[in-house]
Amino acid sequence: MVGERISEILSGAAFNNILRGDKIYYNSKNKFGKGFWNVLIQDTIENIFLNGNYAEYYEDPEVFIMTDEALLIHVSNEDSLYMHADTIK
C-alpha cells in the first residue's frame, strides 16, 4: 500500500537496540513489531533481558510478549534472577 511503512529485516537483525533476532517484522504505522528465532529483548534501564524464539512488541503502550523457550534474566548488583516460562509478558 502507498504510504504504509512495513519493514522486514533478516539475518541478525536489530531494531532500536530493543528487539533483536534472526528475522524482524516492523510496521511503524501500527507501532508493532515481531521477532523470530534467537530473539533478544533488552531493557538496559532495568537490566532485564528476554530471550526466546518468538516475540511481539507493541510501542504504545509499550508491551513485550515472548514465547517459544522464553527466558527472562534480571541482573541486579548482587545477583541475577532467571525465569523460564512458556510465555512471558
Side-chain angles (χ1 to χ4, degrees):
M1 296 178 103
V2 175
E4 189 170 10
R5 295 176 140 191
I6 298 175
S7 301
E8 186 171 332
I9 306 166
L10 303 172
S11 185
F15 171 72
N16 286 343
N17 294 322
I18 294 173
L19 178 62
R20 298 178 188 173
D22 289 345
K23 181 178 178 181
I24 292 175
Y25 165 87
Y26 183 72
N27 184 320
S28 62
K29 180 180 177 184
N30 296 334
K31 298 183 178 181
F32 170 75
K34 292 183 192 179
F36 301 90
W37 308 293
N38 301 311
V39 180
L40 172 65
I41 297 173
Q42 283 182 268
D43 182 339
T44 56
I45 294 171
E46 298 294 328
N47 288 326
I48 295 173
F49 303 87
L50 284 166
N51 294 317
N53 287 312
Y54 177 78
E56 292 183 358
Y57 168 68
Y58 301 86
E59 228 178 296
D60 190 24
E62 189 171 50
V63 175
F64 295 103
I65 299 171
M66 180 73 72
T67 64
D68 194 5
E69 300 184 29
L71 172 66
L72 177 139
I73 304 169
H74 181 245
V75 180
S76 67
N77 293 337
E78 302 295 321
D79 206 355
S80 297
L81 170 70
Y82 290 78
M83 184 187 318
H84 186 275
D86 179 60
T87 300
I88 298 175
K89 290 183 180 184

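The figures that follow rest on heavy atoms only: side chains count, while hydrogens, waters and symmetry mates do not. Here, residue 1 is the first one in the sequence, and each next residue gets the next number.
The closest side-chain heavy-atom distance from L71 to F49 is not below 4.5 Å. When side chains are defined from C-beta on, Y54 counts as touching F36, because their heavy atoms get closer than 4.5 Å.
Rounded to the nearest 0.5 Å, atoms NE2 (H74) and CG (L50) are 11.0 Å apart. A distance of 14.0 Å separates CE in M66 from NZ in K89, rounded to the nearest 0.5 Å. The structure places CD1 of I48 at 6.0 Å from CG of L72, a figure rounded to the nearest 0.5 Å.
When each of Y26, F64, Y58 is checked for a ring pair (Phe, Tyr, Trp, His ring centres under 6.0 Å) with F32, only Y58 meets the rule.
Grouping the Ile, Leu, Val, Met, Phe, Trp and Tyr side chains by contacts below 4.5 angstrom, directly or via other members, places I41 with M83.
In this structure, N51 contributes its side chain and L40 its backbone to no donor-acceptor pair below 3.5 Å.
Closest approach of A85 to I88, counting heavy atoms only: CB-CG1, 4.0 Å. What you find for A70 and D86 is that their closest heavy atoms are CB-O, 4.2 Å. A pairwise comparison of heavy atoms in N38 and N53 identifies N-OD1, 3.1 Å as the closest pair.
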